[in-house]
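Remember, it's a predicted structure, so these values are computed and weren't measured experimentally. Naming convention: chains lettered A, B, ... in sequence-line order (proteins, then strands); numbering from 1 in each chain.
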Number of protein chains: 2
Amino acid sequence: MSGVFKALSDPTRREILALLRDKDMTAGEIAEHFDISKPAISKHLEILKEAELVSAEKKGLYRIYSINLTVLQEALSGFMNYFEKENDL
Amino acid sequence: MSGVFKALSDPTRREILALLRDKDMTAGEIAEHFDISKPAISKHLEILKEAELVSAEKKGLYRIYSINLTVLQEALSGFMNYFEKENDL
DNA sequence: TAACTAATTAGTTAAATAGTTAAATATAGA
DNA sequence: TCTATATTTAACTATTTAACTAATTAGTTA
């Protein structure tokens, strides 16, 4: 949970998730969308992976990244539910 | 939006929000729930205020903090909606 | 006004973060 | 096997963050 919010706190990482929403992409394809170095993107991807917001599949020379929509949605909706007015009052 | 996720990325700040979910509190009351200094709490409150997740009302010697549930819910549900499978596909 | 209290601001420090370049790893293909 | 390519890891740097203590601000009350 903490990992999810930490991961989402960076705009580059949120943008990576937005890219992956549309289609799975290799690390290189993702990096092309940004002005920062590939190693920097690689690190962002690792943080997203640790938060389980994305998964990576090795395919030959490439790593194909995909978003874990379920994890994202359940983490955020779980947190939000706690703040619904109806809860435990 | 960026401010909201930044604000939510710190566990102390999320816990402050959880406290304020139950009732409005003064800065001092909030601080009592934590093992860190009052100035540290004050700074966390400022960050939450900048993100508009809480508001403060001056009441005599005290500042009474309250959570802005609407801002929290709309920020998170707005973000989540973007990732709903049904969207723009 | 003086003394007291609640909270914030200022200044410092240590740790974490996000970026860089260079080197290492792993796979593909000639 | 050699070379090229995709990606990650390592080492380093600059910036930001979260904490602390001390000082300040603002309001209350004797």
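- In terms of position on DNA chain C, the residue among A:Asp10 and B:Glu46 whose nearest nucleotide sits closer to the 5' end is B:Glu46.
- Taking the six-membered ring where the residue is Trp, B:Phe79 and B:Phe5 present perpendicular rings, their angle passing 60° and hence far from 30°.
- Distance, A:Arg13 CZ to C:dA16 C1': 12 Å, rounded to whole Å.
- The base of D:dG27 has none of its N or O atoms less than 3.5 Å from a complementary donor or acceptor on the side chain of B:Lys58.
- Terminal axes of the helix from C:dT1-D:dA30 to C:dA30-D:dT1 (five pairs each, C1' rotation axis) are separated by 10°, to the nearest 10°.
- Looking at residues 59-68 of chain A, you'll see A:Leu61, A:Tyr62, A:Arg63, A:Tyr65 sit with a heavy atom under 4.0 Å from some atom of DNA chain D.
- One N or O on the side chain of A:Gln73 and one on the backbone of B:Phe83 form a donor-acceptor pair closer than 3.5 Å.
- For DNA chain C, the neighbouring residues in residues 34-41 of chain B, judged by any heavy atom under 4.0 Å, are B:Pro39.
- When the nucleotides D:dA18, C:dT9, D:dT8 are ranked by their closest atom to the side chain of A:Ser42, D:dT8 comes out on top.
- Proximity of A:His44 to the phosphate of C:dT17: no side-chain N or O atom is located under 4.0 Å from OP1 or OP2.
- One can place CD1 of B:Ile47 at 14 Å from C1' of C:dT9, the figure rounded to the nearest angstrom.
- Taking only side-chain nitrogens and oxygens, A:Lys6 comes nearer than 4.0 Å to OP1 or OP2 of C:dT17.
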